Amino acid sequence: MEKDSVLMEKIISLAKRRGFVYQGSDIYGGLAGTWDYGHLGVALKNNIKGLWWKKFVDDRRDMYGIDAAILMHPGVWKASGHVDTFTDPLVECTKCKKRFRADQLEKAGICDSCGAPTGEARNFNMMFQTQVGAVEDSSATVYLRPETAQGMFVNFKNVVDSFHPKLPFGTAQIGKAFRNEITPRDFIFRVREFEQMEIEYFIRENDWEKQFEYWKDEMIEWMDIVGIDQSKVHELEVEKEDLAHYSRRTVDFEFDFPFGKKELYGLAYRTNFDLNIHKLEYVDEENAQKIVPHVIEPSFGLDRTVLAVLLSAYNEEEKEEDTRVFLKLKPSVAPVICAVSPLLKNKPELVGKAEEIFGMLKKEFGRVMWDDNGNIGKRYRRQDEIGTPWCIVIDFDTLTDNTVTIRDRDTGSQIRLKDYELVGYIKDRLN
Ligand code: ATP
């Protein structure tokens with residue numbers, strides 16, 4: 001796929017201008033690899049997280065939620081292999097001294113920035129270190145977790161003791177992860193602080209192939225739920241020699257990002273590597289035998305989800321006067337479900353009625369925006385740009401017959417509804 005830097009610039013600019021995502025620490029010149037989510041970005045993220053939790057935890061009977069601490073005992077990362085092997089190959093340019101990830105250079109061995117040869121690659125550990133307590137010695141060194149997975153493995157026994165689940169069952173967690181990426185890039189795609197949504201699904205070994213296929217289908221279904229364009233998603237069977245040390249099979253879901261086809265999600269069969277290294281086991285109630293369950297791990301990056309959702313939703317429509325930009329977000333994902341406007345903001349009777357309808361919708365849906373700025377056409381464009389599915393306008397007819405205009409983002413078509421029909425109309429479409 002051709003690189004489309006123009007599309008990427010449009011998305012980044014829209015995200016900043018409209019309050020989705022800002023450069024982290026911007027007024028101090030920014031901190032590379034960090035981004036701050038604004039009002040609409042938080043809403044979008046929360047909606048995605050809510051849908052994920054609903055699908056994978058609340059709608060199931062075999063899934064247990066975890067929210068583990070970000071700081072964990074360093075022994076966890078020693079055992080998991082992260083201290084010794086969670087590295088990327090780092091090269092430094094012999095001339096300009098810029099640093100790169102060796103496997104991400106445009107041309108192997110050549111500096112992306114000045115074209116001079118790079119030096120030999122060395123292993124660079126991506127975990128951030130910090131100190132706990134008042135003593136500054138190596139015994140106090142801990143790591144910010146580079147994945148949420150281990151927080152679930154170390155709680156395996158707790159979950160079993162609290163809930164006595166029968167195999168197969170899973171644990172699910174949404175939370176921050178930190179990686180000192182050598183070259184953070186591509187907006188929120190490769191960052192140093194990000195959020196993951198992960199599942200560790202514990203199974204019997206002989207079930208692994210069946211379960212792998214099942215979770216692959218679940219992940220595909222999930223992408224539909226949040227509106228990720230499936231025609232841009234490709235499954236990559238990771239080659240044996242590229243598998244992580246714990247994995248016997250991994251499928252990456254790659255997405256056609258404007259900067260290339262890159263990993264969106266991963267699905268791994270981790271065998272029973274993790275429970276083994278933490279010396280954890282499970283007593284099979286059927287025959288009282290001790291076993292070490294195997295694990296299927298569907299792993300979803302939240303920030304990459306946000307980016308894929310925005311890219312899938314971005315639309316431009318040529319109009320006579322200009323270009324209409326609209327985000328065709330699913331209503332369940334859209335940061336604002338509907339906007340409410342009085343036709344004119346200097347007519348108290350219109351404003352009063354609009355306030356009443358706004359209050360009613362706000363109480364019902366929460367994500368409702370008041371918008372009385374500029375003329376109606378401008379308001380529609382602003383709402384289109386942030387993906388608001390419906391705009392509701394209160395005009396003089398409303399005062400006599402209680403009908404309002406409800407305008408559809410994707411088609412631009414308008415219908416009139418009684419004010420008391422609004423909640424039902426929107427609810428039907430949300431479900
Ligand atoms: P990559 O090869 O792109 O570095 P990875 O294979 O190291 O990714 P995993 O360790 O499988 O990634 O992490 C699981 C998921 O977490 C990824 O599929 C991705 O969605 C997300 N993720 C990983 N690293 C980052 C990052 N630096 N920024 C944003 N999301 C990330």
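Given the structure is predicted, the values throughout are model-derived calculations rather than measurements. Atoms within each ligand, like the ligands themselves, are counted from 1 in listed order.
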Original post:
Which pairs, with at least one residue in residues 294-304 and sequence neighbours excluded, count as a salt bridge (Lys or Arg N to Asp or Glu O under 4.0 Å)?
Top reply: Arg270-Glu297

Subject >> Sole candidate of Lys378, Arg379, Gln383 that passes side chain to side chain donor-acceptor pair (under 3.5 Å) when paired with Asp371 >> reply: Gln383

Original post:
Is it the case that Thr171 and Glu200 place a side-chain donor and acceptor less than 3.5 Å from each other?
Top reply: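 No pair is found: no donor N or O on one side chain lies under 3.5 Å from an acceptor on the other.
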
**OP:** Report yes or no: do Asp207 and His294 form a side-chain donor-acceptor pair below 3.5 Å?
**Re:**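 Short answer, no.
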
**OP:** Could you go through the side chain to side chain contact (heavy atoms under 4.5 Å, CB included) check for Phe169 and Tyr282 one step at a time?
**Re:** CA-CA 12 Å; Phe169 69 91; Tyr282 174 91; 4.0 Å; yes

**OP:** Answer yes or no on whether Arg192 is positioned over the face of Phe194, meaning its NZ or CZ is under 6.0 Å from the six-membered ring centre and within 45° of the axis.
**Re:**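 Verdict for Phe194: no cation-pi partner in Arg192.
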
Subject >> Set of residues that line ligand 1, where lining means a heavy atom lies under 4.0 Å from it >> reply: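 For ligand 1, the contacting residues are Arg101, Arg179, Glu181, Phe189, Arg190, Val191, Phe194, Gln196, Glu263, Leu264, Tyr265, Gly266, Ser299, Gly301, Arg304.
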
